[in-house]
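Written out below as structure tokens is the structure these notes cover.
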Number of protein chains: 2
Amino acid sequence: MPQKITLKKISKDLKVSVSTVSKALRDSHEISIETRDRIKNYAKKFNYKPNSIALSLKNQKTKKIGVIIPEIVHYFFATVISGVERVANKKGYQVIITLSGESFDKEVVNMEMLANGSIDGFIMSLSKETMEKQDFHHLREVTNQGMPIVMFDRVCNDIPCDKVVIDDVAAGHEAAEFLLRKGRNKLGIISTVDYVNVGRLRSQGFKEALQQRGFDVENHQFLKIEDIDNCEDAIEDFVLENDFDSLVAVNELFAVTASKALQKAGKNIPKDVAIVAFTDGILSKYASPTLTTIGQQGEEMGGIAAAKLIEKLESKHLDNESYETVIVKTSLVERESTP
Amino acid sequence: MPQKITLKKISKDLKVSVSTVSKALRDSHEISIETRDRIKNYAKKFNYKPNSIALSLKNQKTKKIGVIIPEIVHYFFATVISGVERVANKKGYQVIITLSGESFDKEVVNMEMLANGSIDGFIMSLSKETMEKQDFHHLREVTNQGMPIVMFDRVCNDIPCDKVVIDDVAAGHEAAEFLLRKGRNKLGIISTVDYVNVGRLRSQGFKEALQQRGFDVENHQFLKIEDIDNCEDAIEDFVLENDFDSLVAVNELFAVTASKALQKAGKNIPKDVAIVAFTDGILSKYASPTLTTIGQQGEEMGGIAAAKLIEKLESKHLDNESYETVIVKTSLVERESTP
DNA sequence: ATATTCTACGAAAACGTTTTCGATACTCGT
DNA sequence: ACGAGTATCGAAAACGTTTTCGTAGAATAT
């Protein structure tokens, strides 16, 4: 038996008006106890649930939040989603997810699709291509329409919105400082190309830490990976041609690739080369040896982003035009790859 | 400047009726070319986009599909989502994701929230708790209302719907057979508790392969993990107390845990013990040694599930009451953990 | 000149709610 | 018995669309 049950159907069956049914179900004192019960029993019997589309249209809010991320098969982003979903659900919101696949065009299209009333606000991390182009017109259009955005991780400063990030410079600093304190003095870093903020900023912190300790910073200490899917050869060359006693990698993948290349060449981790990675994901926990990492707290970031967005949504009346940038603390977890 | 632009606003500004605006934008011949152009220019200038909520209400379809999975920080499920999103997007659908967290109650709640008009159909994989309770009333309620469901991986047979699975029995068989052909004859399997279908079925295929080759199947060859988060001790005991020359694990995590325990005990992989895992994820590719796995083709499963659901949605008129179970081929990829 | 067909537009219903505003009939106080 | 108050309900608008139908005037045909 198909047939969704609606107020109208109930009203017809029970020979009362639609408004009476609506009021009865919301326990209005305008309706007599007897009719109230009659209607509520009928509704329960046929498992009536108000149609959320109709409610959205009436209330001009959907109780849904849109998330746009570059990739989902990616530990960090998956944890962020998990955090977003957790707090959104707790507050009665649902989460619509779209993937940009690191493509600017797809990011724009997805954003337009969602901005037409489907959602109340955005949580997003920019695609690589968007970062490269520095074209943010689609974001501006959305904010101009009064729809709030919360950005995380890969953010831009041209758009008025809340942001949730980690202090990448400080984290890069911490990674280098950690190794220096362990007595290492020939450090290398494997990073991404510069237009990816997180890579650039972590490298910058790394460099600062070295300079503060009076080290000269040489070019050969920096490897910038262009194509993350084909990084093995570049990393292998980098770690073998230079005589490092320690390495920082801006993600797990670079770290474990370096680790394996070094072990293949007969080096011992951490005795010969110590390694600190970013993103405390599953690889770090299960690699051999396990990797010391600086966690990005994706779950926490997602939760904070969702909380901030919902806060903005529900205080919309008082034109809250102040924006905040939350900096989430990183946490270094020591494992076998450092002494 | 906030203010969403609507048909009504355009009609007021241009001093025509709402219906005229609607028709003009859809290029109806009922409207003269001049007014059509006037309206279309105005609409483009103010970047008019039809409100999707209003359309959903009118058309009685949302062009959204709901996905319920147990966890998203999980390689297999993330790849499925990725596949779902890819084909759904291509066909003009959006994806709403909710997580059950392996909890029956949350699965029910999420399902009810989505079933009230938010979406046109479901794609889902059951939570562990649901599998254990064998309580599917929430699924039945949804299908009874005429909303189609496509289930994948963790499915149940009590509900009339399309399904997308891998042939777990055949895959378990293949894993065992592969090791037997390599000359191994002391095989063990690390699986999950029996109410998780995939674990049970893979174990069954494993057992059949051994029996067909004339082996006695002993209890000590089977380990069934209850708590996946604290499996290390159980796995370590299992692999060290028995004298296996090869192991099958129903997921990457069990496999790499076993691998590390064995190596810690001085065994060589694959010389002393060969390992075949399920789920061709990131761990298998980066573990040491890398793991031979039977891939679950999550991306493909997700794509197929989405395609089948959308097909059902768009042929709804002819009461298509036949249901199909698609069996996706697994693919064994050989790596270092087998000789 | 009259009847017919086009052309170009508007009115209204429908989708499922909630809410405001009446409206009816009854009770009560005087 | 009459006005005021109360209890109980219904009509209608609104959210933003699309679509069916109606209609006015103009053009054409007889």
Side-chain angles (χ1 to χ4, degrees), chain A residues 2-40 42-43 46-64 115-120 145-146 316, chain B residues 2-40 42-43 46-64 113 115-120 145-147 316:
Chain A
Q3 284 305 44
K4 281 231 140 211
I5 183 106
T6 85
L7 288 190
K8 195 194 286 188
K9 214 161 297 167
I10 299 183
S11 87
K12 191 172 296 177
D13 292 354
L14 260 44
K15 315 230 184 284
V16 291
S17 79
V18 175
S19 20
T20 303
V21 178
S22 175
K23 287 173 191 164
L25 292 177
R26 328 188 92 239
D27 249 325
S28 162
H29 64 276
E30 291 184 25
I31 309 297
S32 71
I33 308 266
E34 303 90 59
T35 19
R36 247 187 276 179
D37 285 345
R38 200 163 56 100
I39 291 175
K40 285 201 279 189
Y42 195 88
F46 287 96
N47 196 27
Y48 168 80
K49 297 275 165 49
N51 180 297
S52 71
I53 296 288
L55 284 179
S56 295
L57 185 59
K58 174 123 194 52
N59 301 332
Q60 296 290 81
K61 50 181 64 175
T62 61
K63 291 287 216 167
K64 298 197 201 322
N116 305 326
S118 294
I119 60 166
D120 297 337
Q145 297 212 347
K316 205 56 172 306
Chain B
Q3 285 305 45
K4 283 231 139 204
I5 183 108
T6 83
L7 286 189
K8 194 195 286 188
K9 213 161 295 165
I10 298 182
S11 87
K12 191 172 295 179
D13 292 353
L14 261 41
K15 317 228 181 286
V16 291
S17 79
V18 176
S19 20
T20 304
V21 179
S22 175
K23 287 172 189 164
L25 292 177
R26 330 190 90 239
D27 250 326
S28 161
H29 62 276
E30 290 184 26
I31 310 297
S32 72
I33 307 267
E34 304 91 58
T35 19
R36 248 188 275 179
D37 285 345
R38 200 162 57 99
I39 291 173
K40 285 201 276 188
Y42 194 87
F46 288 96
N47 196 28
Y48 169 80
K49 298 273 167 48
N51 180 297
S52 70
I53 296 288
L55 284 179
S56 294
L57 186 59
K58 176 124 192 52
N59 300 332
Q60 296 291 78
K61 50 181 64 176
T62 61
K63 290 285 214 172
K64 299 196 202 321
M113 294 204 55
N116 305 326
S118 293
I119 59 166
D120 297 338
Q145 298 212 344
M147 183 173 289
K316 204 60 171 301

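We name chains A, B, ... by the order of the sequence lines, and we start the count at 1 in each one.
- Axis angle across the helix from C/dA1-D/dT30 to C/dT30-D/dA1, with five pairs used at each end and values rounded to 10°: 70°.
- Remark on DNA chain D: of its neighbouring residues B/N59 and A/L57, the 5'-side contact belongs to A/L57, judged by nearest-heavy-atom nucleotide.
- Residue-environment remark: NZ (A/K49) exceeds the threshold of 12 foreign heavy atoms within 6.0 Å.
- Counting non-hydrogen atoms under 4.0 angstrom, B/L7 reaches a base of the nucleic acid.
- Between the side chains of B/T62 and B/D120, a donor-acceptor pair is found at a separation under 3.5 Å.
- Taken from CZ in A/R38 to OG1 in A/T35, the straight-line distance is 6.5 Å, to the nearest 0.5 Å.
- Taken to the nearest 0.5 Å, the NZ atom of A/K4 stands 15.0 Å off from the CZ atom of A/F46.
- Judged as a ring pair (Phe, Tyr, Trp, His ring centres under 6.0 Å), and not counting sequence neighbours, A/Y48 has no contacts.
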Got a list of protein N/O to nucleotides 7-11 of chain C N/O distances below 3.5 Å?
residue : atom : partner : partner atom : Å
C/dC9   : OP1  : B/T35   : OG1          : 3.4
C/dC9   : OP2  : B/S32   : N            : 2.8
C/dC9   : OP2  : B/S32   : OG           : 3.1
C/dC9   : OP2  : B/T35   : OG1          : 2.8
C/dC9   : N4   : B/E30   : OE1          : 2.9
C/dG10  : OP1  : B/S17   : N            : 3.4
C/dG10  : OP2  : B/S17   : N            : 2.9
C/dG10  : OP2  : B/S17   : OG           : 3.0
C/dG10  : OP2  : B/T20   : OG1          : 2.1
C/dG10  : O6   : B/K23   : NZ           : 2.4
C/dA11  : N7   : B/S19   : OG           : 3.2
C/dA11  : N6   : B/S19   : OG           : 3.3

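- Among residues two or more places apart in sequence or in another chain, the salt bridge (charged side-chain N to carboxylate O under 4.0 Å, His left out) test is passed with B/K63 by B/E314.
- How far CG of B/L57 is from CG of A/N51: 6.5 Å, rounded to the nearest 0.5 Å.
- Residue pairs meeting the salt bridge (charged side-chain N to carboxylate O under 4.0 Å, His left out) criterion with at least one member in residues 17-27 of chain B, sequence neighbours excluded: B/K23-B/E30, B/D27-B/R36, B/D27-B/K40.
- If you check the side chains of B/T20 and B/S17, you find a donor sitting under 3.5 Å from an acceptor.
- Reading DNA chain D from its 5' end, the first and the last nucleotide to sit under 4.0 Å from a heavy atom of chain B are D/dC15 to D/dC21.
- Counting non-hydrogen atoms under 4.0 angstrom, B/K8 reaches the backbone sugars and phosphates but no base.
- Residue contacts for A/S22: at a heavy-atom cut-off of 4.0 Å it reaches a base atom on one of the strands shown.
- For A/S118 and B/S52, the side-chain atoms include at least one donor-acceptor pair closer than 3.5 Å.
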